[in-house]
There are 2 protein chains.
Amino acid sequence: MSEQIKAIFDKHDIKITNARSSILEVLKNAHTPLNYEQIKEKMETMMDKATFYRNIAKFESLGIVHKFESDDRKWYFELSTSIHAHFICEECHQIKCIDVSMGEVEGDVKSIVLKGTCKACK
Amino acid sequence: MSEQIKAIFDKHDIKITNARSSILEVLKNAHTPLNYEQIKEKMETMMDKATFYRNIAKFESLGIVHKFESDDRKWYFELSTSIHAHFICEECHQIKCIDVSMGEVEGDVKSIVLKGTCKACK
DNA sequence: TAGTGCAATGCAACTTAGTTGTAACTTAAT
DNA sequence: ATTAAGTTACAACTAAGTTGCATTGCACTA
Ligand SMILES: [Mn+2]
Ligand SMILES: [Mn+2]
Ligand SMILES: [Zn+2]
Ligand SMILES: [Zn+2]
């Protein structure tokens with residue numbers, strides 16, 4: 001288990017389990033948000049999807065993981081970082097993390113998703 | 001059938017049916033995006049959900065209607081207008097149409113969804 | 001080291017928004 | 001009115017995510 005993941009467990013005072021560290025390790029090594037199937041493929045540890053989703057829910061409530069819905073009715077997950085937007089291409093379905101400068105918005109913004117056609121598909 | 005809806009049928013050269021004009025009439029009178037259940041409640045004409053979704057898909061492909069996913073795993077629909085963003089409150093689940101000034105983005109943006117906590121819930 | 005309690009897991013059954021196949025029915029054009 | 005092409009209802013289906021519950025594993029104490 002990497003130092004970064006260990007630090008997350010320490011900070012939030014939750015039990016270290018194979019399932020949990022395996023999920024977080026995958027997310028740490030990803031450079032784009034991933035859905036359940038994609039994470040499952042990359043995980044060392046086999047686990048039931050119930051276990052996966054329950055742990056993801058816990059991570060979310062602790063602010064460790066951030067999720068959003070794409071246009072395929074699936075949730076995509078990534079380790080929480082500074083707030084940034086995601087651009088989802090409706091043609092090739094690739095997801096890109098991007099920075100957007102946004103004017104004032106009422107309320108606390110926690111997630112920004114843009115959809116459209118990416119440069120490559122245009 | 002209102003003039004505005006009639007104009008839409010004329011422009012796109014699709015068959016006028018009770019189901020279609022009923023859906024569009026509801027969307028025209030709404031001041032916020034609506035999901036299937038909400039539209040169903042407001043519709044004059046009863047129709048099967050298969051009919052509803054097939055018509056919505058047609059409207060979408062013609063650019064008449066725009067849809068996006070909220071945080072409740074439901075699709076929300078509105079008549080296409082000039083591009084604008086939607087703010088979805090994760091507490092009270094209200095959806096607000098907003099204008100955002102956004103920096104340059106690679107690709108064609110067709111939809112923008114922000115999620116977070118609205119002013120009232122904060 | 002054995003015993004206790006509580007949280008995490010696996011499994012199977014479930015939920016539900018949206019989809020699909022198809023036969024019957026409408027629409028709009030002639 | 002006739003007709004072909006498009007639209008509809010109905011019922012069966014799909015699949016991401018959820019839930020109940022029995023079992024397992026972990027930390028703490030005696
Ligand atoms: Mn990202
Ligand atoms: Mn809007
Ligand atoms: Zn693309
Ligand atoms: Zn709110």
Side-chain angles (χ1 to χ4, degrees), chain A residues 1 5-6 8-10 12-25 27 33-41 43-62 64-78 88 90 93 95 113 115, chain B residues 1 5-6 8-25 33-41 43-62 64-77 88 90 93 95 113:
Chain A
M1 186 173 45
I5 303 306
K6 196 162 177 308
I8 292 174
F9 282 115
D10 286 349
H12 292 93
D13 196 32
I14 50 172
K15 278 191 188 168
I16 299 173
T17 68
N18 289 336
R20 287 179 183 167
S21 47
S22 186
I23 294 169
L24 293 180
E25 210 69 55
L27 292 180
L34 302 174
N35 63 36
Y36 166 63
E37 280 296 326
Q38 296 170 323
I39 294 171
K40 189 181 168 187
E41 279 169 21
M43 272 191 305
E44 304 282 322
T45 306
M46 282 312 153
M47 76 191 70
D48 191 75
K49 65 179 171 166
T51 302
F52 173 84
Y53 283 112
R54 281 196 268 238
N55 278 320
I56 281 283
K58 170 146 273 192
F59 293 151
E60 260 199 285
S61 73
L62 294 169
I64 297 168
V65 162
H66 169 238
K67 96 174 172 224
F68 60 89
E69 294 175 52
S70 181
D71 58 339
D72 53 6
R73 292 186 60 71
K74 290 175 188 163
W75 289 348
Y76 284 75
F77 309 98
E78 69 183 347
I88 300 169
E90 289 169 326
H93 302 285
I95 299 176
V113 176
K115 291 178 188 166
Chain B
M1 187 172 45
I5 304 305
K6 197 162 176 308
I8 292 174
F9 284 116
D10 286 349
K11 181 177 172 193
H12 292 94
D13 196 32
I14 50 173
K15 282 190 185 170
I16 298 173
T17 67
N18 288 336
R20 287 180 181 165
S21 47
S22 187
I23 294 169
L24 292 180
E25 210 69 55
L34 302 174
N35 63 36
Y36 165 62
E37 279 296 326
Q38 296 169 324
I39 294 171
K40 188 181 169 188
E41 279 169 21
M43 273 190 306
E44 304 283 320
T45 306
M46 283 311 151
M47 76 190 71
D48 191 76
K49 64 179 172 168
T51 302
F52 173 84
Y53 283 112
R54 280 197 267 239
N55 279 319
I56 282 282
K58 169 145 273 191
F59 292 151
E60 260 200 284
S61 72
L62 294 170
I64 297 168
V65 162
H66 168 240
K67 97 173 172 226
F68 60 89
E69 294 174 53
S70 182
D71 58 339
D72 53 5
R73 293 186 60 70
K74 290 176 189 164
W75 290 347
Y76 284 75
F77 309 98
I88 300 169
E90 290 168 326
H93 302 286
I95 299 176
V113 176

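Chain letters run A, B, ... following the sequence lines, proteins first, then strands; residues in each count from 1.
At a threshold of 4.0 angstrom between heavy atoms, the contacts of K74(A) are confined to the sugar-phosphate backbone, with no base atom among them. At a threshold of 4.0 angstrom between heavy atoms, the contacts of K67(A) with the nucleic acid are absent. As judged by a 4.0 angstrom heavy-atom cut-off over every strand, A19(A) is placed among residues touching the sugar-phosphate backbone only. If you check every strand for non-hydrogen atoms under 4.0 Å, T51(B) touches a base.
For dT8(D), one of the phosphate oxygens OP1 or OP2 lies less than 4.0 angstrom from a side-chain nitrogen or oxygen of T17(B).
When the nucleotides dT19(C), dC11(C), dA8(C) are ranked by their closest atom to the side chain of A50(A), dC11(C) comes out on top. Set against dA8(C), dG18(C), dG10(C), the side chain of M47(A) has dG10(C) as its closest nucleotide. Residue K58(B) places its side chain closer to dT7(D) than to any other of dA17(C), dT7(D), dC10(D). Each of dA9(D), dG18(C), dG17(D) was ranked by its minimum atom distance to the side chain of R73(A); first place goes to dG18(C). For K15(A), taking side-chain heavy atoms from C-beta onward, the closest of the listed nucleotides dA16(D), dA7(C), dG18(C) is dA7(C).
Heavy-atom distances to DNA chain C give each of Y53(B) and N55(A) a nearest nucleotide, and the one nearer the 5′ end belongs to N55(A). Mapped onto DNA chain C by nearest heavy atom, W75(B) and I14(B) fall at different nucleotides, with W75(B) at the one closer to the 5' end. Each of N35(A) and F52(B) was assigned the nucleotide of DNA chain D with the nearest heavy atom; the assignment lying further toward the 5' end belongs to F52(B).
Ring-plane geometry between Y36(A) and Y53(A) is classed as tilted, the angle between the planes lying from 30 to 60 degrees on a 0 to 90 degree scale.
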Q) After noting the C-alpha distance and the side-chain angles of K49(A) and K40(A), does the key distance pass the side-chain contact (heavy atoms from CB on, under 4.5 Å) rule? A) CA-CA 9 Å; K49(A) 65 179 171 166; K40(A) 189 181 168 187; over 6 Å; no
Q: Take F59(B) and I23(B) through the side-chain contact (heavy atoms from CB on, under 4.5 Å) test and state the conclusion after the steps.
A: CA-CA 10 Å; F59(B) 292 151; I23(B) 294 169; 4.0 Å; yes
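Just one residue in the list I39(A), I64(A), I5(A) forms a side chain to side chain contact (heavy atoms under 4.5 Å, CB included) with L27(A), and that residue is I39(A).
When the shell of 6.0 Å around CG of D13(B) is examined, it contains 12 or fewer heavy atoms from other residues, nucleotides or ligands.
Residue R54(A) places a side-chain atom within donor-acceptor reach of the base of dG10(C), judged by atom type and a 3.5 Å distance cut-off alone.
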